[in-house]
Amino acid sequence: GAGVSQSPSNKVTEKGKDVELRCDPISGHTALYWYRQSLGQGLEFLIYFQGNSAPDKSGLPSDRFSAERTGGSVSTLTIQRTQQEDSAVYLCASSFDRAGTQYFGPGTRLLVL
Amino acid sequence: AQSVTQPDIHITVSEGASLELRCNYSYGATPYLFWYVQSPGQGLQLLLKYFSGDTLVQGIKGFEAEFKRSQSSFNLRKPSVHWSDAAEYFCAVASSYNTDKLIFGTGTRLQVFP
């Protein structure tokens, strides 16, 4: 496809379970970003990848959150031992290179019961 | 630290009326500024951006924004609103040396009445 895709589009899980969220960036985009959009916090930066490395992990809220990117393409955001406050929309974006315009995916809506 | 303020949480306008959405930023140097729009169930779409040069920036869908350094503002405008413009609008800022990290405002929800 032409745009950034994310899966699943919706995820409902029980407190304490682990979840994995996937992002497929636009083909050829070297930079990939994760953001979280929640009612209480608005849009927050989580982590940024250039290629497969993550120079900036400053936005990850706790050590329960981790992300990886393989092959300079797909990225997975993993949340371990989910808590109710993790409920939010997780948005992924990609750009052609660092400092390029960020193009966003539709997001994954996570609900932790 | 960088921050963005969008003072209006919710704005309602009639179709055909003009629109101005306010955005104020806090940053010591010249920032990179962006406006994104989010329609229900959709991701964020870039409307326009300002990096340098002409302070009046034209974007897609007939939107424009003006960078005013003296007021630390980057307000979004449209002369005539269409019903399809109903959405949530986000202003964002990035520093010139760390454009990877966008700092977003809390958003303004626009409602358009026929």
Side-chain angles (χ1 to χ4, degrees), chain A residues 1-10 21 23-26 29-51 53-60 67 69 88-109, chain B residues 1-10 21 23-27 29-52 57-61 63 65 87-109:
Chain A
V4 177
S5 60
Q6 293 186 246
S7 61
S9 54
N10 290 280
L21 312 179
C23 173
D24 268 287
I26 293 172
H29 279 194
T30 63
L32 185 147
Y33 314 80
W34 284 98
Y35 293 85
R36 179 169 72 172
Q37 185 175 25
S38 56
L39 283 176
Q41 300 296 323
L43 267 157
E44 309 168 84
F45 169 83
L46 295 179
I47 188 171
Y48 147 71
F49 287 91
Q50 179 61 47
S53 63
D56 189 348
K57 303 180 182 180
S58 63
L60 293 177
R69 189 179 185 196
V89 177
Y90 290 82
L91 293 167
C92 175
S94 70
S95 63
F96 180 71
D97 57 18
R98 187 181 182 186
T101 296
Q102 295 183 27
Y103 296 90
F104 283 79
T108 292
R109 185 174 298 275
Chain B
Q2 303 159 60
S3 66
V4 178
T5 301
Q6 293 181 249
D8 304 305
I9 297 172
H10 186 203
L21 302 183
C23 172
N24 292 94
Y25 67 90
S26 172
Y27 180 60
T30 299
Y32 288 0
L33 294 159
F34 307 80
W35 274 100
Y36 281 86
V37 61
Q38 186 177 36
S39 299
Q42 302 295 313
L44 294 163
Q45 181 182 23
L46 180 68
L47 286 175
L48 46 79
K49 60 186 177 184
Y50 171 77
F51 281 6
S52 65
V57 181
Q58 301 297 322
I60 62 171
K61 304 184 179 186
F63 286 92
E88 187 142 20
Y89 292 79
F90 292 92
C91 182
V93 65
S95 71
S96 55
Y97 61 86
N98 187 13
T99 53
D100 319 312
K101 185 180 196 173
L102 293 176
I103 307 297
F104 285 89
T106 49
T108 297
R109 182 168 298 279

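Letters A, B, ... mirror the listed sequences (proteins, then strands); counts begin at 1. Everything numeric here is computed off the predicted structure, so don't read it as measured data.
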- request: Let me know if Gln45(B) has heavy atoms under 4.5 Å from chain A in its side chain, its backbone, both or neither.
  value: neither
Pairs of heavy atoms under 4.5 Å with chain B: top-ranked of Arg109(A), Glu44(A), Gln37(A): Gln37(A)
- request: Mind ranking Phe104(A), Tyr35(A), Tyr103(A) by heavy-atom pairs under 4.5 Å with chain B and telling me who comes out on top?
  value: Phe104(A)
query: Taking Thr30(A) for the side chain and Phe96(A) for the main chain, is one N or O donor matched with an acceptor at less than 3.5 Å?
result: yes
query: Residues two or more places apart in sequence or in another chain: which of them pass side chain to side chain donor-acceptor pair (under 3.5 Å) with Asp24(A)?
result: Arg22(A)
statement: Sequence neighbours excluded, the answer for side chain to side chain donor-acceptor pair (under 3.5 Å) partners of Ser58(A) is Asp56(A), Lys101(B)
task: Answer with side chain, backbone, both or neither: which region of Leu43(A) has an atom nearer than 4.5 Å to a non-hydrogen atom of chain B?
output: both
message: Quick one, Leu44(B) and Phe104(B) - any side-chain contact, counting heavy atoms below 4.5 Å?
response: yes
